[in-house]
Undergrad: 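Below is the structure I would like to discuss, written out as structure tokens.
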Amino acid sequence: MKIFDASNVAKKIDDVVILTNLTFSITNGERIAITGQNGSGKSSLLKLIGGIYEETSGDIIRGQLKVAYVPEHFPETIRFKLYEYLMLIGKMSGCSKSEIFDTIMHFSTHFGISNFLTTPLKKCSKGTKQKAGIIQALLIEPKLLLLDEPLTGLDHDSQIELMQQLSKLPSETTIIFTAHDSLLIDKLAKRIIRVDGGQIISDTYKQQKERSMLIKARIASKEVLVDLPSIQQEFLGDDLVEIIASEYESDQTIRVLLERGCSIQEVKEMR
């Protein structure tokens with residue numbers, strides 16, 4: 001289902017064209033990275049998708065979705081303490097105060113900012129503000145999540161935590177983010193839109209690598225491995241073998257092993 005559709009769209013600010021010649025669409029549940037050099041227009045494109053910017057010309061159809069936006073630079077003028085701000089935003093989710101409290105505590109612990117909940121936001125570090133921006137977006141359980149350079153200002157552990165939290169979001173949640181580095185692009189994006197001079201210069205889908213399964217089995221003899229559907233076989237002992245098979249063939253591989261009297265010790269996805 002399409003949640004955004006643009007046709008020949010342009011955007012001007014103070015008579016300066018910042019986006020032009022945009023024709024593309026977004027479907028529900030996509031994971032999209034918007035890339036490009038500084039000043040290329042990627043942040044402006046993100047705002048256009050979210051409705052923060054309205055088009056100057058052309059046509060846009062937007063779905064009626066709950067949208068959360070995380071800017072690259074957290075506002076400096078917010079007068080609330082960190083917990084007060086998150087509680088205020090959390091109420092927009094429609095959850096009870098106790099549910100919001102539990103969620104705030106959960107994210108604060110995972111992102112390592114529990115000690116700053118009573119600190120005024122204007123006195124928090126850039127990294128803490130960035131985490132506050134991410135948490136406030138996750139609190140409202142959006143259907144469209146927009147993140148502008150979300151890894152900026154985050155330490156390595158917090159970057160990993162963010163990727164884990166994003167990967168846990170429901171499959172129907174659409175995630176669109178801008179990024180310079182490859183970390184989040186490699187781990188999350190399925191589609192990459194590259195922007196230059198306010199125009200989309202490429203729009204590609206990443207090729208999905210077929211997953212592989214690792215199967216450990218105890219065997220009676222090496223003969224049971226003859227013609228076994230597999231990519232690789234390695235002995236870990238006299239009767240213990242590690243087999244790598246494609247996800248597509250893994251069920252057949254396990255079935256053949258069992259039919260030949262083998263004992264399956266472990267099956268897991270290759271990372």
Side-chain angles (χ1 to χ4, degrees), residues 28-34 43 46 50 65-76 78-190 211 268-271:
N28 188 54
E30 288 202 83
R31 304 296 197 256
I32 303 173
I34 301 175
S43 294
L46 193 71
L65 301 173
K66 184 185 290 185
V67 180
Y69 170 65
V70 181
E72 180 179 4
H73 302 290
F74 195 84
E76 298 291 337
I78 295 177
R79 59 183 178 84
F80 296 104
K81 294 178 181 178
L82 178 52
Y83 173 78
E84 294 172 337
Y85 172 73
L86 293 177
M87 178 58 71
L88 179 65
I89 297 297
K91 290 179 179 178
M92 296 171 60
S93 67
C95 295
S96 67
K97 187 174 181 179
S98 61
E99 289 175 319
I100 299 168
F101 173 83
D102 290 342
T103 306
I104 291 173
M105 293 301 108
H106 169 80
F107 284 129
S108 298
T109 299
H110 280 273
F111 281 104
I113 60 171
S114 300
N115 293 336
F116 302 99
L117 289 175
T118 58
T119 302
L121 274 164
K122 62 183 180 181
K123 294 185 178 180
C124 291
S125 67
K126 176 178 174 57
T128 299
K129 289 177 182 176
Q130 182 72 358
K131 295 172 188 178
I134 292 166
I135 293 172
Q136 61 88 20
L138 297 175
L139 275 173
I140 67 170
E141 299 179 343
K143 296 300 182 183
L144 173 58
L145 177 59
L146 307 172
L147 306 106
D148 196 356
E149 298 290 348
L151 300 186
T152 301
L154 297 184
D155 57 73
H156 178 72
D157 289 345
S158 297
Q159 291 180 356
I160 299 301
E161 181 63 35
L162 173 60
M163 289 188 288
Q164 291 177 344
Q165 293 297 334
L166 294 178
S167 68
K168 293 177 183 178
L169 292 177
S171 60
E172 62 269 19
T173 302
T174 305
I175 305 173
I176 307 175
F177 60 93
T178 67
H180 280 102
D181 53 78
S182 62
L183 182 61
L184 197 55
I185 297 172
D186 291 343
K187 296 294 184 182
L188 186 66
K190 306 299 182 185
R211 294 187 297 181
K268 66 179 181 180
E269 181 183 341
M270 294 285 291
R271 297 289 183 180

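Just so it is clear, the model here is predicted, and its values are computed rather than measured.
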Undergrad: Just wondering, are more than 12 heavy atoms of other shown residues or ligands nearer than 6.0 Å to NZ in K122?
TA: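 At most 12 heavy atoms, drawn from other residues, nucleotides or ligands, come within 6.0 Å of this atom.
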Undergrad: Is the number of heavy atoms from other residues, nucleotides or ligands under 6.0 Å of K168 NZ greater than 12?
TA: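 Enclosed.
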Undergrad: Nearest 0.5 Å, please: how far is NZ in K187 from CD in Q164?
TA: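 NZ of K187 is found 10.5 Å from CD of Q164.
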Undergrad: Using side-chain contact (heavy atoms from CB on, under 4.5 Å) as the criterion, list what pairs up with S182, not counting sequence neighbours.
TA: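 Counting only residues at least two positions away or on another chain, S182 forms a side-chain contact (heavy atoms from CB on, under 4.5 Å) with D186.
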Undergrad: Does the T178 side chain pair with the main chain of E149, one donor and one acceptor, at a distance under 3.5 Å?
TA: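 Flag set: sc T178 to bb E149 pair under 3.5 Å.
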Undergrad: For the residue pair L169 and L138, establish whether any side-chain heavy-atom pair is separated by less than 4.5 Å.
TA: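 Sidechains of L138 and L169: in contact.
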Undergrad: Do other residues, nucleotides or ligands put more than 12 heavy atoms under 6.0 Å from K66 NZ?
TA: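 Atom NZ in K66 is crowded, with more than 12 foreign heavy atoms closer than 6.0 Å.
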Undergrad: Apply side chain to side chain contact (heavy atoms under 4.5 Å, CB included) to residues E161 and D157 and explain how you reach the verdict.
TA: CA-CA 6 Å; E161 181 63 35; D157 289 345; over 6 Å; no
Undergrad: Rounded to the nearest 0.5 Å, how far does SG of C124 lie from NZ of K81?
TA: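 The SG atom of C124 is 11.5 Å from NZ of K81, to the nearest 0.5 Å.
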Undergrad: Distance check, rounded to the nearest 0.5 Å: F74 atom CZ versus E76 atom CD?
TA: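 Rounded to the nearest 0.5 Å, the CZ-CD separation comes to 9.0 Å.
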Undergrad: For F177 and I185, run side chain to side chain contact (heavy atoms under 4.5 Å, CB included): C-alpha distance rounded to whole Å, both residues' side-chain angles, the deciding distance at 0.1 Å, then the answer.
TA: CA-CA 9 Å; F177 60 93; I185 297 172; 4.1 Å; yes
Undergrad: Could you point out which residue of L147, L146, L154 forms a side chain to side chain contact (heavy atoms under 4.5 Å, CB included) with P150?
TA: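 Checked L147, L146, L154 against P150; only one passes side chain to side chain contact (heavy atoms under 4.5 Å, CB included): L147.
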Undergrad: Does anything in residues 130-146 form a side chain to side chain donor-acceptor pair (under 3.5 Å)? List the pairs, not counting sequence neighbours.
TA: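 Passing the test, one end in residues 130-146: K131-S158.
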Undergrad: Could you go step by step and tell me if L188 and M163 meet the side chain to side chain contact (heavy atoms under 4.5 Å, CB included) rule?
TA: CA-CA 7 Å; L188 186 66; M163 289 188 288; over 6 Å; no
Undergrad: More than 12 heavy atoms of other residues, nucleotides or ligands under 6.0 Å from CE of M92: yes or no?
TA: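 Atom CE in M92 is not crowded, with 12 or fewer foreign heavy atoms closer than 6.0 Å.
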Undergrad: Among I104, I113, T119, I135, which one satisfies side chain to side chain contact (heavy atoms under 4.5 Å, CB included) with L82?
TA: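 Testing L82 for a side chain to side chain contact (heavy atoms under 4.5 Å, CB included) against I104, I113, T119, I135 leaves exactly one candidate, I113.
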Undergrad: List in chain and number order the residues that pass ring-ring contact (aromatic ring centres under 6.0 Å, His included) with H73, two or more places apart in sequence or in another chain; answer none if no residue qualifies.
TA: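 Applying ring-ring contact (aromatic ring centres under 6.0 Å, His included) to H73 gives none.
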Undergrad: Restricting to non-hydrogen atoms, name the atom on A189 and the atom on A33 that form the minimum distance, rounded to 0.1 Å.
TA: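 Heavy atoms only, the tightest pair is CB-CB, 3.7 Å.
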Undergrad: Run the side chain to side chain contact (heavy atoms under 4.5 Å, CB included) check on K126 and T152 step by step: do they pass?
TA: CA-CA 9 Å; K126 176 178 174 57; T152 301; 3.6 Å; yes
Undergrad: Can you tell me how far the OH atom of Y85 sits from the CG atom of L117, to the nearest 0.5 Å?
TA: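 Y85 atom OH to L117 atom CG measures 14.0 Å (nearest 0.5 Å).
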Undergrad: Under 4.5 Å between any side-chain heavy atoms of L46 and Y69, yes or no?
TA: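 With C-beta onward as the side chain, the pair touches.
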Undergrad: Rounded to the nearest 0.5 Å, how far apart are CZ of F116 and OG of S125?
TA: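 Between atom CZ of F116 and atom OG of S125 there are 6.5 Å.
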Undergrad: When rounded to the nearest 0.5 angstrom, what is the spacing between CD in E30 and CD1 in I176?
TA: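 With rounding to 0.5 Å, CD (E30) is 7.5 Å from CD1 (I176).
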